[in-house]
Q: 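Sharing a structure below in structure tokens format, with a few things to ask.
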Amino acid sequence: MQNELIAKVPPSDTIAQSTLPCYKETGGLGLFQLKRMWHKVQLQKQGCADKKIIEDEWSLDVMIMDTLGLGLTPTIESIFASDSFFEFENWVKKVHGRAISNAKRNQLNKSIVSFFEETDIKNETASVETPRYSILTPLQWQSWDDNGYVIIPALVPKKLCEDVCNMLYERLKMDKNNPASWYSCHALKQGVMVQIFNDITMQVIRSLPQVRDVFEQLWGRKNLIVSTDRLSFNPPQTESWQFPGPHIHWDINFNKPLTFATQGLLYLTDVTAEQGAFSCVSGFHTEIDNWLANLPKNTNPHSFNFDKFHSTPLAAKAGSLIVWRHTLPHGSCPNKGDTPRIVQYINMTPLSK
């Protein structure tokens with residue numbers, strides 16, 4: 001996902017100064033960087049923010065959101081809506097749901113200091129020991145190298161997937177046995193995206209050691225931070241409801257050099273190729289550098305029509321984790337089946353500039 005902090009908003013007079021506080025300046029929660037995050041947005045409202053600082057610190061800000069279990073989109077919405085840092089900090093406290101332990105606060109602050117002082121971060125690429133719960137097979141490694149994605153079937157117990165699905169149906173006031181209810185409007189729905197980020201059923205899946213093992217192998221390092229991401233509910237198309245997207249796209253900031261990164265999702269239901277499956281342009285990670293170099297000058301890669309490329313829908317059973325290189329164009333597709341496709345987005349990344 002691109003930098004969501006850059007947005008057009010009405011001017012605000014809530015902050016008069018044009019300089020940012022030091023990242024070590026704290027509020028009542030005692031967390032570094034939080035006040036600086038809020039101030040950056042206030043400067044944006046006035047049109048005087050330093051975009052380079054915003055981009056340079058974006059990975060750090062996302063790490064804080066993920067570590068606290070806040071979710072990116074809700075945090076952005078809150079930080080723009082809060083007229084004072086006190087108000088934003090109270091929102092953080094409410095969403096976190098419990099007191100932040102001293103151990104968690106100290107570890108988070110230590111990571112923030114390391115980011116700014118560039119200590120320890122470069123030394124995190126220690127060799128990864130043989131994972132204890134999940135080991136990628138030679139065929140999976142070959143798919144990763146050749147296709148740019150890997151499917152790990154039956155990684156998560158089906159019962160845990162059902163728990164998340166049942167929670168989703170309850171929160172959205174839908175009946176999984178009543179198709180008419182699948183298309184009802186709800187404030188948590190945004191197209192096929194569902195703005196639920198940190199339910200306990202989702203936390204359980206994120207914390208599974210076998211999920212971490214997969215990402216640690218692909219990254220070749222430990223100390224990865226798990227994302228606090230949302231769900232997706234893609235029901236079958238009808239005459240009155242057509243698939244709204246997202247179609248094939250990238251979540252890349254092309255203003256920066258391309259580096260290795262992953263994206264991932266977990267199928268919470270069995271998904272056939274025709275059932276709105278995740279789709280990607282297989283193998284494009286080996287072509288992207290040459291493709292970008294041959295684009296006409298001043299062409300925005302995000303505006304390219306990927307209908308010209310062949311995308312592959314990936315079918316898999318509930319509990320299957322799909323991880324892909326972020327340089328693969330990817331998206332969903334219309335659900336031509338009989339039941340909804342439900343997924344939980346999961347990713348892990350290191351903290352680095």
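Here the structure is a predicted model, which means the values were calculated and not measured.
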Q: Quick check: do M65 and T228 have side-chain heavy atoms less than 4.5 Å from each other?
A: no
Q: Just so I know, are the side chains of I288 and L328 near enough to count as touching, which here means a heavy-atom distance under 4.5 Å?
A: no
Q: Okay, side chain of R105, backbone of I100: is any donor-acceptor separation there less than 3.5 Å?
A: yes
Q: Please check if the number of heavy atoms outside E87 that lie under 6.0 Å from its CD is greater than 12.
A: yes
Q: Please answer: with hydrophobic residues joined when any side-chain heavy atoms are less than 4.5 Å apart, are W241 and L188 in the same cluster?
A: yes
Q: Do R36 and E25 have side chains that get closer than 4.5 Å, going by heavy atoms?
A: no
Q: Would you compute the distance between atom CG of L231 and atom CG of D199 and round it to the nearest 0.5 angstrom?
A: 8.5 Å
Q: Is it the case that one hydrophobic cluster holds both F304 and F254, taking links as side-chain heavy atoms less than 4.5 Å apart, direct or via other members?
A: yes
Q: Could you pull out the closest heavy-atom pair between G276 and S332, with the gap in Å?
A: O-CB, 4.4 Å
Q: What pair of heavy atoms forms the shortest contact from Y183 to T238, and how long is it?
A: OH-CG2, 3.4 Å
Q: Are more than 12 heavy atoms from other residues, nucleotides or ligands located less than 6.0 Å from atom NZ of K189?
A: yes
Q: About how many Å separate OG1 of T349 and CD1 of I225, when rounded to the nearest 0.5 Å?
A: 5.5 Å
Q: Is it the case that the side chain of Q203 and the backbone of N198 share a donor-acceptor pair, with hydrogens and angles ignored and the cut-off at 3.5 Å?
A: yes
Q: Residues two or more places apart in sequence or in another chain: which of them pass salt bridge (charged side-chain N to carboxylate O under 4.0 Å, His left out) with K159?
A: D163
Q: Might you work through the side-chain contact (heavy atoms from CB on, under 4.5 Å) test for T327 and F284, ending with a clear yes or no?
A: CA-CA 7 Å; T327 45; F284 198 80; over 6 Å; no
Q: Looking only at heavy atoms, which two atoms of V95 and G69 are closest? And how far apart?
A: CG1-O, 4.2 Å
Q: Tell me if a side-chain donor or acceptor on S181 pairs with a main-chain N or O of D175 at a distance below 3.5 Å.
A: yes
Q: Carefully, step by step, assess W291 and W250 under the rule ring pair (Phe, Tyr, Trp, His ring centres under 6.0 Å).
A: CA-CA 14 Å; W291 184 82; W250 273 305; 5.5 Å; yes
Q: What's the spacing between Y149 OH and C280 SG if we round to 0.5 Å?
A: 6.0 Å
Q: Closer than 3.5 angstrom, by distance alone: can the side chain of T67 be matched with the main-chain N or O of I64 as a donor-acceptor pair?
A: no
Q: Is the backbone of F243 close enough, under 3.5 Å, to the side chain of Q237 for a donor and an acceptor to pair up by distance?
A: yes
Q: Roughly how far, to the nearest 0.5 Å, is CH2 of W141 from CG of L136?
A: 5.0 Å
Q: Between E89 and K35, does a salt bridge (charged side-chain N to carboxylate O under 4.0 Å, His left out) hold up when you go through it step by step?
A: CA-CA 8 Å; E89 196 174 39; K35 182 173 287 189; over 6 Å; no
Q: For the hydrophobic clusters of this structure (ILVMFWY residues joined by side-chain heavy atoms under 4.5 Å, transitively), does one cluster hold both F86 and L20?
A: no
Q: Give, for atom NZ of K51 and atom CG of N255, the distance between the pair rounded to the nearest 0.5 Å.
A: 9.5 Å
Q: Can you name the residues that form a salt bridge (charged side-chain N to carboxylate O under 4.0 Å, His left out) with D145, not counting sequence neighbours?
A: R325
Q: Got V156 and L321 here, is their nearest side-chain heavy-atom distance under 4.5 Å?
A: no
Q: Could you walk me through whether K104 and N106 pass the side-chain contact (heavy atoms from CB on, under 4.5 Å) check?
A: CA-CA 5 Å; K104 187 172 189 176; N106 292 340; over 6 Å; no
Q: I'd like to know if the side chain of S303 reaches the main chain of T299, judged simply by a donor and an acceptor atom lying under 3.5 Å from each other, with no hydrogens or angles considered.
A: no
Q: Stepwise, does the ring pair (Phe, Tyr, Trp, His ring centres under 6.0 Å) test hold for H249 with F306?
A: CA-CA 8 Å; H249 67 285; F306 283 102; 9.0 Å; no
Q: Report yes or no: does R98 contribute a side-chain atom to a donor-acceptor pair with the main-chain N or O of H96 at less than 3.5 Å?
A: yes
Q: So, for S78 and F88, which heavy atoms are closest and what is the spacing to 0.1 Å?
A: OG-CD1, 3.6 Å
Q: So does R341 get a backbone contact from the side chain of T269, meaning a donor-acceptor N/O pair under 3.5 Å?
A: no
Q: Side chains of W38 and F80, heavy atoms from C-beta outward: is any pair under 4.5 Å?
A: no
Q: Taking it one step at a time, do L31 and L68 satisfy side-chain contact (heavy atoms from CB on, under 4.5 Å)?
A: CA-CA 11 Å; L31 293 172; L68 296 176; 3.9 Å; yes
Q: Passes side-chain hydrogen bond (donor to acceptor under 3.5 Å, both in side chains), N109 versus K24? Steps please.
A: CA-CA 8 Å; N109 285 345; K24 290 186 176 180; over 6 Å; no
Q: Are the side chains of K93 and L29 in touch, meaning some heavy atoms are under 4.5 Å apart?
A: yes
Q: Any Lys/Arg nitrogen of D61 or K40 sitting under 4.0 Å from an Asp/Glu carboxylate oxygen of the other?
A: yes
Q: Would you say that more than 12 heavy atoms from the other residues, nucleotides or ligands in this model lie under 6.0 Å from the NZ of K336, or not?
A: no
Q: Tell me, with the steps shown, if T262 and N347 meet side-chain hydrogen bond (donor to acceptor under 3.5 Å, both in side chains).
A: CA-CA 7 Å; T262 58; N347 195 24; 2.7 Å; yes
Q: Start with the C-alpha gap between R206 and D229, add the side-chain angles, then the distance that decides, and say whether salt bridge (charged side-chain N to carboxylate O under 4.0 Å, His left out) holds.
A: CA-CA 10 Å; R206 291 188 193 118; D229 213 334; over 6 Å; no
Q: Taking all atoms of both residues into account, what is the closest heavy-atom pair of F233 and P235, and its distance?
A: O-CD, 3.4 Å
Q: Taking all atoms of both residues into account, what is the closest heavy-atom pair of F115 and S59, and its distance?
A: CE1-OG, 3.7 Å
Q: Indicate yes or no for a side-chain donor-acceptor contact from N147 to the backbone of S282 under 3.5 Å, with no hydrogens or angles considered.
A: no
Q: Does atom CZ (F309) have a neighbourhood of more than 12 heavy atoms from anything else shown, all under 6.0 Å?
A: yes
Q: Is a donor from one side chain sitting under 3.5 angstrom from an acceptor on the other, for D251 and H330?
A: yes
Q: In terms of heavy-atom contacts, does NZ of K256 have more than 12 from other residues, nucleotides or ligands at under 6.0 Å?
A: yes
Q: Mark yes when over 12 heavy atoms from residues, nucleotides or ligands other than D338 sit less than 6.0 Å from its CG; otherwise mark no.
A: no
Q: Starting from F197, can I reach V194 by hopping between I/L/V/M/F/W/Y residues whose side chains sit under 4.5 Å apart?
A: no
Q: Is F116 close to F32 at the side-chain level, that is, under 4.5 Å between some pair of heavy atoms?
A: no
Q: Go through the structure and list residues passing side chain to side chain contact (heavy atoms under 4.5 Å, CB included) with S279, not counting sequence neighbours.
A: I248, S311, P313, C333
Q: To the nearest 0.5 Å, how far apart are CG in L265 and OH in Y345?
A: 6.0 Å
Q: Quick one: does V164's side chain get under 4.5 Å of M167's, heavy atoms only?
A: yes
Q: When you measure from the side chain of H326 to the backbone N and O of T259, does any donor-acceptor pair fall under 3.5 Å?
A: yes
